[in-house]
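In what follows, every heavy atom counts, from backbone to side chain, and hydrogens, waters and symmetry copies are set aside.
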Amino acid sequence: MNDTPHVTNPPRPADLSIAHSDPAVRHTGDRGADPVLADFEDRVRHSPGAIAVDDRGRDWTYSELSTAADTVADALRPGVRPGDVVAMCLEHSALLTAATVALARLGAVHVLLAARPPESRLLALAEAVRLTCVLGDPGQALPLATTTVDVPGPAGTVQRLRVNTPPHDTSATRLPPGARYAVLTSGSTGVPKVVLVGADSLARVVAWYRDRAGLGTGARQSLFMHTAFDPHFLELWSGLSSGATLVVAPQEARGDAAAVTDWWTRSRVTAAVLPTPLAETVLDRAWPAEVPLKYLCIGGDRLRRRPGTDVTAQVDNVYGPTEATIATTFHPLDPAEAGATGAPPIGRPLGGAIAYVTDADGALVPRGTPGELRIGGPVLALGYLDEELTAQRFPAAPAGSGDSGRVYRSGDRVVMGPDGVLDFLGRMDDQLKISGVRVEPGEIEAALESDARVSRAVVASRGGDKVLAFVLAAPGEEPDAADLLAHAARRLPEQVVPARVRIVDAFPYDANGKVDRKSLLAEEEQRTGAGLHDGTATADERRVLEHCRSILDNPTLGLDDNFTRAGGASIDVARLLTQLERDCGVRLRASQVMRQPHLRAIAALLATEKAGRLPA
């Protein structure tokens, strides 16, 4: 026997979870204060007659777009200085594009917003961020001082731009120098966080995208992404800075896969960006042979599809938080892997980004060990308006990394393979604690998605021990919810099996193209509440449901829920049996309930026992 104590050698630097972007990727970060604007101005000088924007069939040349931008800038210049904050509330259009160029020329900080945000959000933003003005269309009715600007277009046309000037305290906000645009992201307190991004960071990501998409004169880039979602800036500036044509998406393409590919074909789109959920529905369909698309960038959520062998475009799965300037990593998808199972990787860094995987204390972990993704390099945003939050989320780079700068703590769990490729595991704060056990929602979703009848699964929870699963069936399939629940139960620990599986026709999405879990839960609450007082539930079903909701302190419990999986322990079963005996004079056995724990089945047992006690 060898009595020598075992010594664990520390991992070598090459074995630690650090990955750098490809140094061969070019960037334009040395072209002055605003590199992408400088590239656009070059296009105006050298190719003024090239088509800059195809606004639903009406073409705007680079010269015409530049003239329109000058008109907007001239109208705003008396009240908008470099560093002032201006919000944009316009639909996708050439006017939106001209106004965006105007703000860049003025050196203003452009706040990305929806075309028609709620009035309360605008007023709150005006107070919190010291908005100088809000640009919108004449149809917007806002309680702000307004003026209108006539903006010239092609062939003597005129577009009208509304300038809303909110009251504000000019000393309310101090912006970091070099801010180029701002994005509002959701905050856990309900107050949105304002992320400020610099011009050089944007230029690096734009340069990467232009290379990947092959943009240049003659190329046609989609203008599709939601205007409050930062990939909108990636589309717009990648097109304008390369000499390509921006092609404005029609409204009908917003949520329809067939309409998307029809638009690509009809408008000769060669490069496009799509939010993940919509991209998955596009990849689920046969790829039309006539589609001219050469490049497709997918991002915004975990991708669960791979392109089929019929897809002729290069498809990239892209990951990136707003705090690291739109896109941080990418993974080219190979059609030869169309039959592969599991989510594809999120890949390797781009644009100068550096990826670190760390433990909870910020120390680098060996490759192959899951941990939190921290992002470094020149792609980082400047930070938040909240300086304290910036200090928390942008700490120093990990010790031993050789990086003297800062990093962004993404809050995402990943694992880095031996080749430096990252796999996304889920959000750190999305972990659920079920019966005392911490689990990843992605684990439950993957178990359901391993059934060929499932296109996508989404897990949601209000906290506690109750987990609900929502399933979108694969095309042509009509799975039974109970069968899917049984399928998941064979692949998951008992305590993490969902309390209920609900088949849905479609998922609700938020403005960023991600599945809106809050809406799913709200719809489920409304659904499970139905039947109690509309005459469809029996008296025994209403009785069982009311008692179970009271015992488990869960007003959203439904008749199709599983009592034990919803958190009912043995003591809760005893309480339920006691109350039912008090109500009905019959005593069910605990073993009966444990064998058939769904609430509807318990009510059926109660009805059977009552019938057996009645005189013939």
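- Although no hydrogens or angles enter the test, the distance criterion places a donor-acceptor pair under 3.5 Å between the side chain of D359 and the main chain of D361.
- S238 approaches L215 most closely through the heavy-atom pair O-CD1, 3.6 Å.
- Atoms CG and CD1, from L380 and I375 in turn, are 7.5 Å apart once rounded to the nearest 0.5 Å.
- In terms of modelled atom types and a separation under 3.5 Å, the side chain of H92 and the main chain of D55 share no donor-acceptor contact.
- Figure legend: R254 and F224 shown as a cation-pi pair, the cationic atom lying under 6.0 angstrom from the six-membered ring centre and within 45 degrees of its axis.
- With S21 contributing its side chain and G352 its backbone, the two residues share a donor-acceptor pair below 3.5 Å.
- Side-chain N or O atoms of T276 include one that pairs as donor or acceptor with a backbone N or O of D301 at under 3.5 Å.
- Put simply, CG on L385 and CG on L196 are 5.0 Å apart, with the number rounded to the nearest 0.5 Å.
- Residues V273 and Q221 have side chains in contact (heavy-atom distance under 4.5 Å, counting atoms from C-beta outward).
- Taken to the nearest 0.5 Å, the CH2 atom of W208 stands 5.0 Å off from the CG atom of L350.
- In this structure, CD on E235 lies 10.5 Å from OG1 on T97, to the nearest 0.5 angstrom.
- With N164 as the partner, the side-chain contact (heavy atoms from CB on, under 4.5 Å) test is satisfied by one option alone out of V134, L131, L135: V134.
- The aromatic rings of Y62 and F40 sit tilted relative to each other, their planes meeting at an angle between 30° and 60°.
- Residues C133 and L76 come closest through the heavy atom pair SG-CD2, 4.2 Å.
- Checked against the 6.0 Å centroid criterion, the rings of Y209 and F330 do not qualify as a close aromatic pair.
- Salt-bridge check for D34 with R180: passed, with a basic side-chain N closer than 4.0 Å to an acidic carboxylate O.
- Distance check: R427 CZ to R302 CZ gives 12.0 Å after rounding to the nearest 0.5 Å.
- The shortest side-chain heavy-atom distance between V206 and L234 falls under the 4.5 Å cut-off.
- Between the side chains of R210 and S241, at least one donor-acceptor pair of N or O atoms lies under 3.5 Å.
- You'll find the side chain of D137 stays beyond 4.5 Å of the side chain of R162, heavy atoms only.
- Under the 3.5 Å distance criterion, the side-chain polar atoms of S63 are left unmatched by any main-chain donor or acceptor of T61.
- Taking a cutoff of 4.0 Å between a charged side-chain nitrogen and a carboxylate oxygen, R43 and D39 do not qualify as a salt bridge.
- Judged by distance alone, the side chain of E280 and the main-chain N or O of R304 form a donor-acceptor pair under 3.5 Å.
- The side-chain heavy atoms of V195 and Y384, taken from C-beta on, include a pair separated by under 4.5 Å.
- In this structure, the side chain of E372 engages the main chain of G411 through a donor-acceptor pair within 3.5 Å.
- Annotation for L90 and G136: closest pair CD2-C, 3.5 Å, computed over non-hydrogen atoms.
- Under the 3.5 Å distance criterion, the side-chain polar atoms of D403 are left unmatched by any main-chain donor or acceptor of A397.
- Residue A68 comes nearest to A98 through the heavy atom pair CB-CB, 3.8 Å, listed as atom of the first residue, atom of the second, then distance.
- In terms of heavy atoms, G57 sits closest to D54 at N-OD1, 2.8 Å.
- With a 4.5 Å cut-off on side-chain heavy atoms, D70 and R105 count as touching.
- You'll find the side chain of R305 stays beyond 4.5 Å of the side chain of I298, heavy atoms only.
- Here CG of L278 is found 9.5 Å from CG of L283. Values are rounded to the nearest 0.5 Å.
- Heavy-atom neighbours of R58 CZ from other residues, nucleotides or ligands within 6.0 Å: at or below the threshold of 12.
- A 4.5 Å side-chain heavy-atom check between Y408 and L373 finds every atom pair outside the cut-off.
- Using modelled atom types, one side-chain atom of T245 and one backbone atom of I51 make a donor-acceptor pair closer than 3.5 Å.
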For side-chain contact (heavy atoms from CB on, under 4.5 Å), just list the numbers for F233 and V36, CA-CA rounded to whole Å, side-chain angles, deciding distance to a tenth of an Å, and then say yes or no.
CA-CA 11 Å; F233 243 40; V36 293; over 6 Å; no
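- Within the 4.5 Å cutoff, the side chain of N317 has no heavy atoms near those of the P345 side chain.
- The backbone N or O of L202 sits nowhere less than 3.5 Å from a side-chain atom of T325 that would complete a donor-acceptor pair.
- Heavy atoms only, all atoms of each residue included: L364 and I18 are closest at CD1-CD1, 3.6 Å.
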